[in-house]
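Please read these numbers as outputs of a predicted model, since none were measured by experiment. Residue numbers begin at 1 in each chain, while the letters A, B, ... track the order of the sequences.
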Protein chains: 2
Amino acid sequence: MESSSEPSWDFYRTFLAVLQHGSLSAAARDLGLTQPTVGRHIDALEKAVGAELFTRSQQGLLPTDAALALKPYAETLASTAAALLRAASGSKDKVSGTVRVSASEVIGTEVLPAILAELQAKYPDLIIELSASDAVEDVLQREADIAVRMVAPAQEALLARHIGTITLGLFAHRSYIERHGKPESLEALRRHKLIGFDRQTAYIRMMQKRYPMLDGISFSFRSDHSIALHNALRAGIGIGFYQIPLARRDANLVRLLPEIELSLDTWIVMHENLKTSPRCRVTFDALVAGLLDYIKGNNAKELP
Amino acid sequence: MESSSEPSWDFYRTFLAVLQHGSLSAAARDLGLTQPTVGRHIDALEKAVGAELFTRSQQGLLPTDAALALKPYAETLASTAAALLRAASGSKDKVSGTVRVSASEVIGTEVLPAILAELQAKYPDLIIELSASDAVEDVLQREADIAVRMVAPAQEALLARHIGTITLGLFAHRSYIERHGKPESLEALRRHKLIGFDRQTAYIRMMQKRYPMLDGISFSFRSDHSIALHNALRAGIGIGFYQIPLARRDANLVRLLPEIELSLDTWIVMHENLKTSPRCRVTFDALVAGLLDYIKGNNAKELP
DNA sequence: ACGATTCCATACATTTATGTATATCATCTG
DNA sequence: CAGATGATATACATAAATGTATGGAATCGT
C-alpha cells in the first residue's frame, strides 16, 4: 500500500548507492542486497516520483537530470542517517561510541594521529573515525561531527573555537640546498625547482594575493595531493610551502626567505547539538589542546 | 541480514512518528501501518542501536534520553525526504510540482494569499504549500523551499533577496477611539488598553529597545497568536502594533502617536540549489514582486 | 576472433515483513 | 463501580519483499 503514499525511505538509500556506483549490481554488492532487489527499488521509486531516474543500458545506468537533481537530498539523508547511528553509539555519560573528525590532509595525517592516539589511550571505548581530505565535509549536515577548518565558520548553530594561526614558510630539504644553493631573493626563486598545488586551492589564491610578483611562476612538481607534495619536498625535489610547526620536527628541513610567509587561520568546529555528548566533548577538547600545542611548537610528541 | 549491518531507514521514520505521537497505535495510524508493525520497527531499531528508546508503558510510551538525543536527526531525515519528494514533483522545465513557502503568521495569512493566488492562476500546475507560523522553519535543512524572513540570513548556501522594511505603527479601531479617546502622548498609553504578545518575541524585544519608557507596560489582551491579536485590534478591543501597509486596507483603523514606529527588515530566502528549479524560481520572483508592492503600498489587490 | 567478464531482465522459490484477531491491562467517565 | 476507550503484547495467516537461478547482450582483454 505504499503506492499512493510515501515511498520507503530505503529506496533513497538504494537510489544513492546506484548513483554512486553506476550500476545496479555494484550498488547491490555495496548494500548487501541482490541486483534484482536493487532494480525493483529503483523501479518502485521511479513510479513513486513519477519520473525516470536512469536510462537503462547494459554496462551501467545513466542517471537522468531528474536523478541528479535528487542526488544532494539523498546524500543529506545518508549523512544524517550515519550521524544518527554515531549519536546512538555512545552511552549517555560514558565516553564511548564513534566520533567522526574531519581535517585537511596535512593536519589529518601529520598532526592529528598523535593527538587522537593519546585521546584513544585515555578513553579505550572511544572509536575515532578520521577523514583526512581537503574536500570540506559539512558539519552542519553532519558529514562529520567535528572538523578542523582553515576558514572562519559563518554558519549559525555551530560551536566554533578559534585556535590561532598556523604559519607556512618556504622550506627545502638540506640535500636540495647542497645541490642547488639557497635562493637569496624572491626573484631568485624563479630559477629554482618549486613544488606546488595542481588545482587552484586556497593556498595558491592566498599566495597570489600576498606575493603578486610570484604570479605566473612555474612549478616543476605539482600534485593535488598534499602528502605527495610533502614527501616530494622531504625527498629533496624542490622548494615549497610547509607548515612551520611541522618543520620543527625534521632537522633536515631548511627555512628559506623567511620574509615570505602565509598564515592559515585555524578553527575547530562542532555542531552545537553535540556539545552535550561526552564523546564529542572530550574529542573537541583534546583537539583544541593538541592543536594549540602544535601551533605553539610544544609538540614534542610524535607517532613512534 | 540487516542485523549486523545498517538498520532500515524506514525504522527512522517509524521512530519519529512514535516520538511525535506518543504511542505505537497513534504512530501506526499516522503512517498507515498497524500497531504490531510499528512495535516491531521500534524493537528492531532498539536492537540495532543497542539502546532502549522507549520505556514501554500502557497508555503510551515514554521516550528515553537516548531517543530524545536522536530526535533531531530523525527530524532532519523527515524534512529532507519531504524536500526530495517536492524536488521530484516538478518536471525539468515546466512550472509544476509542489513548492513549500514559509512565512510569519501575519504575512502568511494577510499578504501572501493574494500574491500566491495570482501566481497559482498563472501556473495552474503549481501546487503551493504555505506554512504560516512564527516558528522559524529552516531553509537550509529544507523544511521549506522558500521563506520570508524578518532577520538577515547569516548562512551560506542561501540565495537571499532583501525586500525592504515593513514599518509597524500603533493602531486602534475607530470604535475604540470613539469610546476611549486618542492617547496624545507616550505616557498616556499607560491608561489605555493595549494588545500585545504573550511570549518574549522579536517585536517585544525591539520595542523595549527603542522605547524603554514603555518598559513594564501592561497589556490587557495577550496572545501568542498574531492573528488573534489582529482580530482583537480590529474588533476594537484596544491599541496595538499593526503593519502600516496592512492598515491601509482598512479605513476603520486609526494611526496613533505616529512618532512611534518599529521596522522589520524583510528578506526572501531560498536554498541556492533550488535556483535552477523553475517552480521555485517563479515563486521566488513572484514573492519578491508581491512583497515589494506590499511595502510600497501598491497592494490594491486583496482576496475576494 | 573468441572466451571471460559484467551488465540487466525475468521466472520461480523462499524468506521476511506485515496485517488480523485477540488477550490483557490502565485510565477516564458517568 | 461498571462500561467504554485506548494502550501494548502475542499467535497465526497472509501478503510482500527478497534471494536464487538463468538467459541475453555488450564490452574488455588476450
Side-chain angles (χ1 to χ4, degrees), chain A residues 1-49 51-64 66-68 70 74 77 81, chain B residues 1-49 51-64 66-68 71 74 77 81:
Chain A
M1 306 296 93
E2 284 280 6
S3 57
S4 76
S5 95
E6 203 187 346
S8 164
W9 284 9
D10 285 333
F11 294 168
Y12 302 141
R13 168 167 56 183
T14 306
F15 165 68
L16 181 62
V18 173
L19 219 43
Q20 288 172 332
H21 293 89
S23 86
L24 299 183
S25 316
R29 279 192 296 274
D30 180 58
L31 293 168
L33 298 175
T34 57
Q35 167 257 317
T37 300
V38 172
R40 284 185 284 247
H41 280 188
I42 299 298
D43 286 341
L45 187 57
E46 285 183 332
K47 224 176 302 173
V49 306
E52 204 179 38
L53 296 173
F54 297 94
T55 54
R56 292 348 211 233
S57 86
Q58 281 125 343
Q59 109 251 10
L61 310 193
L62 216 71
T64 64
L68 293 176
L70 301 186
L77 287 175
Chain B
M1 314 303 92
E2 283 278 8
S3 57
S4 76
S5 96
E6 202 186 348
S8 164
W9 285 8
D10 284 334
F11 293 169
Y12 302 140
R13 169 167 55 183
T14 306
F15 166 68
L16 181 62
V18 173
L19 268 179
Q20 289 172 332
H21 293 90
S23 84
L24 300 182
S25 316
R29 280 191 296 274
D30 180 57
L31 293 168
L33 299 175
T34 57
Q35 167 257 317
T37 300
V38 171
R40 285 185 283 248
H41 281 189
I42 299 298
D43 286 343
L45 188 58
E46 284 183 334
K47 225 177 302 176
V49 305
E52 202 180 40
L53 295 173
F54 297 93
T55 54
R56 299 333 218 241
S57 83
Q58 281 126 345
Q59 111 245 12
L61 310 193
L62 214 74
T64 64
L68 292 176
K71 192 179 181 191
L77 287 175

Worksheet, complete the sentence: In short, ring-ring contact (aromatic ring centres under 6.0 Å, His included) pairs touching residues 18-39 of chain B with sequence neighbours left out are none
Discussion item. Angle between the two end axes of the helix from C:dA1-D:dT30 to C:dG30-D:dC1, five base pairs per end, rounded to 10 degrees?
Written reply: 30°
Discussion item. Distance check needed: D:dT8 P versus B:His21 NE2, whole Å only.
Written reply: 13 Å
Worksheet item: Near DNA chain C, which residues from residues 36-45 of chain A have a heavy atom under 4.0 Å away?
Response: A:Pro36
Practice prompt. With sequence neighbours excluded, tell me which residues meet side-chain hydrogen bond (donor to acceptor under 3.5 Å, both in side chains) with B:Thr64.
Written response: none
Practice prompt. Provide, to the nearest angstrom, the distance between the CZ atom belonging to B:Phe54 and the P atom belonging to D:dA7.
Written response: 14 Å
Item to complete: Please report, rounded to the nearest Å, how far the C1' atom of C:dC25 is from the CG atom of B:Leu24.
Response: 15 Å
Worksheet entry | Nearest-nucleotide pick for A:Ser25, side chain only, options being C:dC8, D:dT8, C:dG19 | C:dC8
Worksheet entry | Minimum side-chain heavy-atom gap B:Tyr12-B:Pro7 below 4.5 Å | yes
Discussion item. Using side chain to side chain contact (heavy atoms under 4.5 Å, CB included), reason through B:Phe54 and B:Ile42 one step at a time and then give a plain yes or no.
Written reply: CA-CA 9 Å; B:Phe54 297 93; B:Ile42 299 298; 3.8 Å; yes
Response to the item:
Checking D:dG19, D:dA9, C:dT20 against the side chain of B:Thr34 (C-beta onward), the nearest is C:dT20
Fill in: Whole angstrom value for the distance that separates P of D:dA26 from CG of A:Leu62
17 Å
Worksheet item: Over how many whole Å does the gap from B:Asp30 atom CG to D:dG6 atom C1' extend?
Response: 17 Å
Practice prompt. Kindly write out the residues that satisfy side-chain contact (heavy atoms from CB on, under 4.5 Å) with A:Ala44, not counting sequence neighbours, or none if the list is empty.
Written response: A:Phe11
Item to complete: Could you check A:Leu70 against A:Leu53 for side chain to side chain contact (heavy atoms under 4.5 Å, CB included), going step by step and ending with a plain yes or no?
Response: CA-CA 9 Å; A:Leu70 301 186; A:Leu53 296 173; 4.1 Å; yes
Discussion item. If the condition is side-chain contact (heavy atoms from CB on, under 4.5 Å), which residues does B:Ser25 pass it with, not counting sequence neighbours?
Written reply: B:Ser23, B:Arg29, B:Gln35
Response to the item:
Side-chain contact check for A:Arg29: nearest option of C:dT20, C:dC7, D:dA7 is C:dC7
Practice prompt. Just jot down the side-chain hydrogen bond (donor to acceptor under 3.5 Å, both in side chains) partners of A:Asp43, sequence neighbours excluded, or say none.
Written response: A:Arg56
Fill in: d(CG, B:Leu31; P, C:dT18) in whole Å
11 Å
Item to complete: Take atom CD of A:Gln35 and atom P of D:dA17, then tell me their distance rounded to the nearest Å.
Response: 18 Å
Practice prompt. Can you sort out the partners of B:Ala27 under side-chain contact (heavy atoms from CB on, under 4.5 Å), two or more places apart, ordered by chain and number?
Written response: B:Ala17, B:Val18, B:Val38
